[in-house]
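Residue numbers start from 1 in every chain, and the chains themselves are labelled A, B, ... in the order their sequence lines are given, proteins ahead of strands. Values below: every heavy atom of this structure, side chains too, minus hydrogens, waters and symmetry copies.
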Amino acid sequence: MTEFMQPDSRRCNYFFLYDGSKVKGEGDPTREGICYFYPEETPLDEQELLCGQLAGASRCVSELSSSPVRILRLRRNNFSIRMKDDFFWALGCSVEVPTISVCELLDQLINLFCFYSGSVRRSYQLNTQETLARRWAQYLSHLESASSELHHIFSCLRTIDSTNIDPLLLLKAALILQACQRCPLVSAGCILFRGRVVSTQMSPELTMKVMVHESETYAKMQAQRSNGPSAFSSFGGAVSSTSVFLTMSELQYLQSAPVDKHFSSRSTPHKNTPPRKTRLSRTLSDTPSPESEPSDTGSSQSPQKVSLSPHLSDSSVFSPDPSQSAADPPPQQLEPPFSNGKHSPVAEEEVLEESYYHSFHSNGDGVGPMHDEGDGSLCGEDSHRNGGGGDGDAACGTVFESQGDNVLEEVSGGGCGDVQCHEAEIPDPPRSGAFDSQEECPRIPMTLYLHRVKGLVLALLVEPHFLSDKDSMEEVYHSSLASLNGLEAHLRTISPGAPGTPGPYIFAHFDCIQSTLTTNLSGRPGGAPQRPFVRATSLLHSHFCNTETLQEAIIRSAGAAVYGTRSVAQETYFQQHGGSLRNSGIPNHQDSAFSLPGKARHRLLKHGVNLL
Amino acid sequence: MKCLLIASESAEVLFHWTDPEFQQNVQEQYGASQEDGQGLPAFEDSISTLFAPIIISCSTMVDRLDDSYTSFTTENNHIYVLHQFDECLYIAVNGDGEEGEGDLRRKIYVMKKMLEVLFGMVTLSSNLLRKELRPQDTEQRARLWKFLQSLLETYSHLRENDQSFLVEAVERLIHPTLCEQCIEFLERRLVQQLNSSAERAGEEVMHAFILVHTKLLAFYSSRNASTLSTSDLLALVIMAQNMYPSNTDQDDPNPEDVESTSGSGPESFYTPEPSPTDGDSSSSGDKPVRGSTPVFEFVDPDVQMAEDSLQTLEVPPPDPSTPRRVFLEVSLKDGLYPMMPHSMYCLPLWPGITLVLLTKIPTSAVAMSVYTFLEAFAKLEKRLSDGQEGSAATRGQRTIHEVRSKLDKFIKALGPSEIQSGQLQRDWTEFKNLAFTRGGLGFSRHLIPSCKKMKTQLCGVYRQCFLLEARQSDVPQRLSPGLQERAQTMVQEKLMDWKDFLLVKSRRNITMVSYLEDFPGLIHFICVDRSTGQMIAPSLNLTERNTSELGKGPLARFIKSKVWGLVNTTRRYLQKGYSTVTLRDGDFYFCYFLWFENESGFKLEAGDIPILPDDSAPIGMLAWDYYRKLLRYYSKNHQGEVVKCYELLTVHLGVIPAEIILQHCRQLASKLWEPSRNPLL
């Protein structure tokens, strides 16, 4: 009767992506359909067995119920399932992890993939399985790296311990982000310190996605640093970028953020128009070199940028040459195709995407994406970017569609020239149809820009042509550099502080809005007194998720009594150590378990948790 | 959209039950995939085709990964629960959100329990069970399946509407004087008279009880009888309800017909299609008894549809006095014997009131022997397959030599009877040759197939003795019809004056009114004594005609759904080792407590409660007696003490301070069992 569960630090036991379209015929071997399988060392036989059986049985059930399977349980594993098009994802966790968390984890994983790679089908057409396998593995290990068992229950953002930190620093971080947003090409951003969020303007889900890339570049940087002191704080070394894909709703969320561009544009003249001067006056280390281009070309960190910048900076609105800037959009379109034979496919893709986006902007409302120009042009840009006007929205829609077409065009065309692809802006009917029907929600390409100052990272979601817009880039870079350095210096000095000065109680406080977790539980798994707390939390969390009306609960086993309470915005769990747990279990109002709500209210105040 | 399916490993459908919606869905799907104009194939074929891939995949998973599916959930919230018992795979489906995973798993276990009650040890041999569940004769199969389907529906109906089936404990009518009188009557007059009659044909009445709807008025067990387990009693109540359903808790379709002054409403019987006397045991004895003139009323569309799907049968009415063979647990001094054959006589007194007699049949000693041998072979097989050999394999309570001589005698004794034991004899000789002779292999792995054969043969003998025998012999063993009639009349006479009272009382056994003054803010409670398997709770009748204290309509239904939900929730926590739960949910405050006492009422310290996996047997007493195991587990640390286990669930208004609520619970716990301390069971 007793089957005490063994704690397992690894929450994911299996993860695989199976492409049913590859296994249609009788003779097709199952292995053809396996796109990725974790753990990778699993014998192929077992991989085939699991993929084949799970996908087959799920398909059968889906047909019976005319709805895709979402959860599949085995005796020893709970699988969260996603069935879309012909793809079949399955993520299997040990039965201890609440099912709801397994489902969240799988969604996160797929969303992460789509965020960095766009459509799954297209990625598999474009890239080798090995390349994409590395990505899945990377995302999985990132999500797995959650430090404690509580993180297995709540998919939360890791934030810096705000109780330990001067609030002014948080304010400063927020200000840096706001300053960056003055550049109209910058949508939103976040600041991370050593893999933890300091401040963010994005939704928790988006921030979480951005953090994956940050941790990747951090790892790379560490590796480089160990190799030797490479160009660390040079523009190139500190800045990197990657293309990302946002869903419509994510983009809308970003655009709806209350950024007052009018204000920023008006304020720019006296703050930023003579930006170079201010910058110079502010930081001594900031030599005039940033204004010269060589630092760009010399960067070895982001090859795509290297190859792009010489050309694109020419056509940039911010180019010092007035004649070019005035005639910006048309010349670019009319320009003959330049040689791009050296570009890697990815880089090429970006070139195209950027240029399409750019050309849309230019064509769409005849206003270049500039912010230093007159107010009028800025208005146009603003309304468009914020989705304020109905026209703007409609335009966006069309552009995204045509964007998809272009991408496809590019996929099939391989190394097609620039002009050719511009022409392809006129949708290619048959292809576009096929593509659109596959993609339920179109994903909009954006660029993720990262500026690293040691452990501190400024991550910005920017319009794709931001990278080609050298002036904007420099401006963002230089206007934030000094503040970032300062912030980093301050944050570095703050001792991480043992977060759980273990009191006579354990608590966990989950902020559902910001997806943050506050707890005094140490990250190391398996502490004996923690197990009952984690188990109870896991059960209560599932219960809260399934029962909308449930507000608070006290549950007691022989070992521990745990109090859980939640509101729309938060979930809090509390367990008091010690005390006499000797009780008969019969209802008794003097029982210590029932004083937990009061104690929690009292004790948690000093952790900034208000339960009143 | 609901379905329950039993399939063999080779994906053969051994039983299915579907609601009309599911049936329609399957037919549509089948029609769509088979549009070559051949018309719809038989429903059974389509359902088997649709489920076959899942069933086969399931056994592949077991064979190759040693893991198996326990459930599927789709995005539109259809739930499929799978469970394998030996070689039979049970699949329960819900597509209308009315049942959760736990409910479906429970339904599967209840179905298995009912099969055990009906087929006894035959269920231990998958091969024989397959034959029983899927008779070659289609008419017979249709009859059997219809009977099982209606049992399942009766159970589902009770679980959804009757609090005693919600918590799986027996509810007694609270009327100490009358109860005591009735028990005395059963003991001194009825059982004594029956057992001293010459017309009992060797049967002996062991238990007699009177049911008013699903509630127990009186229960008497003869002195040499073992106690009837709660699990068996609940199963018998389901069977009695299936024979003589009371529609008290169903909304009456024609309220104007109803004479509502008595408060009891119209009572009517639904009698399943009668079956032939010579036929199978599963459908005999279902007819209401002469003397009463029941109104035959049948309105359940689900049942109607299920019937339509089967062939309409023209069968002669059964002999009403034929008892139903049931297999119940017997605990004797020398051990526990599960699935011992009994005869169940279900005698309706009035609509809604039934007398049930359980008799021990003369040949039941054979069943005990068979069980002993089966157990010995099963143990041996297990040891051998664990890799133990020689004397290590034969170590145990009974030495294999003892079994040998007993089995020799047993087979010898069977010889002259009608039971075909030739194959058993041959297999036993083979076993002995392998195991005991010098040239044989002795006790090693090679003996395993032989063990299996012996088990099958023993089950076969058991089947002949207790399932086929009862069907085939021209003069079935039973209390004579005259004797049954006399018993019925005696109890009718005794209860004549109480009849109407009892029917009302059963509906309003206890009411919240009597508690409101002492416990302001208390809305509902359920208290269960798990050691005796009894429960007590204010009535929650939600028919249009009857108003409970909760009023009627949406509010009452809402509270009912909350109570049902609370029971499920607390079971979930109990499964994970939590014996105290309080919840603030919307405008309500729910409490759940489980505690242990010794016989003198001293509260024992709360102990560890085992943590069970998600797919473990459901917590309850009907299909799998969780509480019996819990008590045994807890008692390990309380040797020499009789340990009792109680549960209390309460629903309060959320505005009442938690402290007051807890005080209420305390008082309620101590007050509730006072009136029932008298020996009613």
*Asks:* B/Phe588 versus B/Phe558: any side-chain heavy-atom pair under 4.5 Å?
*Replies:*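 A side-chain contact exists here, since the closest heavy-atom pair is under 4.5 Å.
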*Asks:* Side chain, backbone, both or neither: which part of A/Leu550 has an atom under 4.5 Å from a heavy atom of chain B?
*Replies:*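 Contact with chain B: backbone and side chain both.
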*Asks:* Below 6.0 angstrom between ring centroids: does that apply to B/Tyr573 and A/His543?
*Replies:*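 Under 6.0 Å, so yes.
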*Asks:* With respect to chain B, which residue among A/Val562, A/Asn78, A/Leu54 yields the maximal number of heavy-atom pairs within a distance under 4.5 Å?
*Replies:*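 Among the listed options, the one with the most contacts to chain B is A/Leu54.
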*Asks:* Chain A: which of B/Ile54, B/Val93, B/Leu82 shares the most heavy-atom pairs with it under 4.5 Å?
*Replies:*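 It is B/Ile54.
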*Asks:* At a 4.5 Å cut-off on heavy atoms, which part of A/Arg82 comes close to chain B: side chain, backbone, both, or neither?
*Replies:*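 Looking at A/Arg82, just its side chain touches chain B.
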*Asks:* Is chain A contacted by the side chain of B/Tyr80, its backbone, both, or neither, given a heavy-atom distance below 4.5 Å?
*Replies:*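 Only the side chain of B/Tyr80 comes within 4.5 Å of chain A.
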*Asks:* With respect to chain B, which residue among A/Cys60, A/Ser58, A/Ser65 yields the maximal number of heavy-atom pairs within a distance under 4.5 Å?
*Replies:*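 Among A/Cys60, A/Ser58, A/Ser65, the one with the most close pairs to chain B is A/Ser65.
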*Asks:* Are B/Tyr634 and B/Phe596 close enough that their ring centres sit under 6.0 Å apart?
*Replies:*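 Yes.
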*Asks:* Between A/Ala593 and chain B, which part of the residue has a heavy atom less than 4.5 Å away: side chain, backbone, both or neither?
*Replies:*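 Interface part for A/Ala593: neither.
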*Asks:* Taking every non-hydrogen pair under 4.5 Å, which of A/Glu548, A/Gln551, A/Arg75 racks up the most with chain B?
*Replies:*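 Of the options given, most contacts go to A/Arg75.
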*Asks:* Taking the six-membered ring for Trp, are the ring centroids of A/His509 and A/Tyr573 within less than 6.0 Å of each other?
*Replies:*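 For A/His509 and A/Tyr573, the ring centres are not under 6.0 Å apart.
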*Asks:* Count the heavy atoms belonging to other residues, nucleotides or ligands that lie under 6.0 Å from CZ of A/Arg59, then report whether that count exceeds 12.
*Replies:*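 Check fails, neighbour count at 12 or below.
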*Asks:* Looking only at heavy atoms and a cut-off of under 4.5 Å, which of B/Arg572, B/Lys603, B/Met1 has the most pairs with chain A?
*Replies:*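 Greatest number of close heavy-atom pairs with chain A: B/Lys603.
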*Asks:* Can you tell me which portion of B/Leu604 sits under 4.5 Å from chain A's heavy atoms? Options are side chain, backbone, both or neither.
*Replies:*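 For B/Leu604, the contact with chain A is made by the backbone alone.
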*Asks:* Among A/Val69, A/Leu539, A/Leu64, A/Leu72, which residue has the highest count of heavy-atom pairs closer than 4.5 Å to chain B?
*Replies:*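 Ranked by contacts with chain B, first place is A/Leu64.
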*Asks:* Looking at B/Arg666, B/Met61, B/His664, B/Gln667, which makes the most heavy-atom pairs under 4.5 Å with chain A?
*Replies:*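 Maximum pair count with chain A is reached by B/Arg666.
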*Asks:* Would you mind checking which part of A/Thr547 comes under 4.5 Å of any heavy atom in chain B, side chain (CB onward), backbone (N, CA, C, O), both or neither?
*Replies:*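 Contact with chain B involves the side chain of A/Thr547 alone.
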*Asks:* If you count heavy-atom pairs within less than 4.5 Å of chain A, which of B/Cys591, B/Ala658, B/Gly586 leads?
*Replies:*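 Ranked by contacts with chain A, first place is B/Gly586.
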*Asks:* In terms of heavy-atom pairs under 4.5 Å, which option from B/Asn77, B/Ile661, B/Thr569 contacts chain A the most?
*Replies:*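 Among B/Asn77, B/Ile661, B/Thr569, the one with the most close pairs to chain A is B/Thr569.
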*Asks:* B/Leu574 and B/Ser579: which non-hydrogen atoms are nearest, and at how many Å?
*Replies:*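 Of all heavy-atom pairs spanning B/Leu574 and B/Ser579, the closest is CD1-CA, 4.4 Å.
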*Asks:* Does A/Phe37 have its ring centroid less than 6.0 Å away from the ring centroid of A/Phe16?
*Replies:*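 Yes.
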*Asks:* Please rank A/Pro68, A/Gly52, A/Ala57 by heavy-atom pairs under 4.5 Å with chain B and give me the top one.
*Replies:*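 Highest number of pairs under 4.5 Å: A/Pro68.
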*Asks:* Using a cut-off of under 4.5 Å on heavy-atom pairs, state which of B/Asp67, B/Asn25, B/Val581, B/Leu65 scores highest against chain A.
*Replies:*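 Most pairs with chain A among the choices: B/Asp67.
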*Asks:* Are the aromatic ring centres of B/Phe85 and B/His83 under 6.0 angstrom apart?
*Replies:*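 Ring-ring flag for B/Phe85/B/His83: true, centres closer than 6.0 Å.
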*Asks:* Would you say B/Tyr627 and B/Leu594 make side-chain contact, with heavy atoms under 4.5 Å?
*Replies:*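 Yes, close enough: below the 4.5 Å cut-off.
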*Asks:* Pick one of side chain, backbone, both or neither for B/Ser71, based on which atoms fall under 4.5 Å of a heavy atom in chain A.
*Replies:*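 When you check distances to chain A, atoms from both the backbone and side chain of B/Ser71 fall under 4.5 Å.
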*Asks:* Looking at A/Glu552, A/Glu46, A/Gln590, which makes the most heavy-atom pairs under 4.5 Å with chain B?
*Replies:*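 If we count pairs closer than 4.5 Å to chain B, A/Glu552 comes out on top.
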*Asks:* Report which part of B/Ile55 has an atom under 4.5 Å of a heavy atom belonging to chain A: side chain, backbone, both, or neither.
*Replies:*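 Neither part; nothing is under 4.5 Å.
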*Asks:* Taking atom types as modelled, is there a side-chain donor on A/Arg73 or A/Thr99 under 3.5 Å from an acceptor on the other?
*Replies:*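 Looking only at side-chain atoms, A/Thr99 and A/Arg73 do form a donor-acceptor pair, the distance falling under 3.5 Å.
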*Asks:* Please tell me whether B/Gln84 and B/Tyr90 have a donor and an acceptor in their side chains that are separated by less than 3.5 angstrom.
*Replies:*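 No - no donor-acceptor pair under 3.5 Å links their side chains.
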*Asks:* Could you check whether A/Ser67 and B/Glu75, counting side-chain N and O atoms only, form a donor-acceptor pair closer than 3.5 Å?
*Replies:*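 The answer is no; no qualifying pair exists.
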